Amino acid sequence: MPEILEVEMYRRAAESVVGRTVRSFATNDALVVKDGSQIQTLVGSCVREVGRHGKLMTIHLDHGSIDLHFGMAGRIIVDGRSPIDELVYGASSNDRWIRFGMQFDEGFLAITDPRRFARVSTSQKMSALGPDAFSEGLFDLVQPRLPVKGSIKGVLLNQQVIAGLGNMLVDEILSRGKVDPRRDISMLSGSAIRKLFSAVVVILPELLERGGSHMGDLAADLRVPGSRCPYDAHELARDTVAGRTTYWCPHHQK
Ligand SMILES: [Zn+2]
């Protein structure tokens, strides 16, 4: 699933359309594209900037902005290439998964999503989102939004507390921070919580460099029953925490 790191890769890929003028939009998937007729009014606008806040990407044009949520499996294709696996998209069968497109004088930008959880709309207010997880001074920004109760895993997944973290990144952060994902935030000291957010600041750029949120020490291939902790070889525990399948090490995460 695209988390903050994947969306940042998408944003960087989309930057190559800055300065291009939109000739047409493909907005015919009404489940994914909420207000296609509004978006169509932006034909003829030039792309000025591509922003990101948490998992939300925004394309700013001369006369409006478009928000892109990638959902569970949405991917961006820019001029035929996806930044995620470098798979080259030509006029292949994958074209049937294109849910939204922007055609320029030269080249195009599209969202493919076999599962149709992606959402595209003209920009909405982002006031409900917490600070972006890449923000400078992250802990000070997040602190006033922290709830007094609830599992620490649920707190880190809550986009209104901190925007951008998903299931795999949160498991990685809790593993490196040595905290049991089920722990209630009310049972953690202020310094323990601060340490977790210090871990976020280290982990995000590191995993972006390694290639994505699946590249943590608790890597995607360890997320199967019976696998062992990469640090101490104890068997990982698996359960649903905060509604998500969660892996952790009962030996070093307390
Ligand atoms: Zn361990």
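None of these values were measured; they are calculated from a predicted model. Whatever order the structure lists ligands and atoms in, that order sets their numbers, starting from 1.
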Whether the H252 and D232 side chains hold a donor-acceptor pair (N or O, under 3.5 Å, no angle test) is what I'd like checked.
yes
Indicate yes or no: does R244 engage D171 in a salt bridge with an N to O separation below 4.0 Å.
no
E15 bridged to R12 by N-O distance under 4.0 Å
no
Within 2.8 Å of the Zn ion (ligand 1), is there any N, O or S atom belonging to H251?
no
Can you tell me the N, O or S atom of D232 that's nearest the Zn ion (ligand 1)?
OD2
min-distance N/O/S atom, H252 vs the Zn ion (ligand 1), resolves to ND1
For the residue pair L218 and P230, what are the closest heavy atoms and their distance?
CD1-CD, 4.1 Å
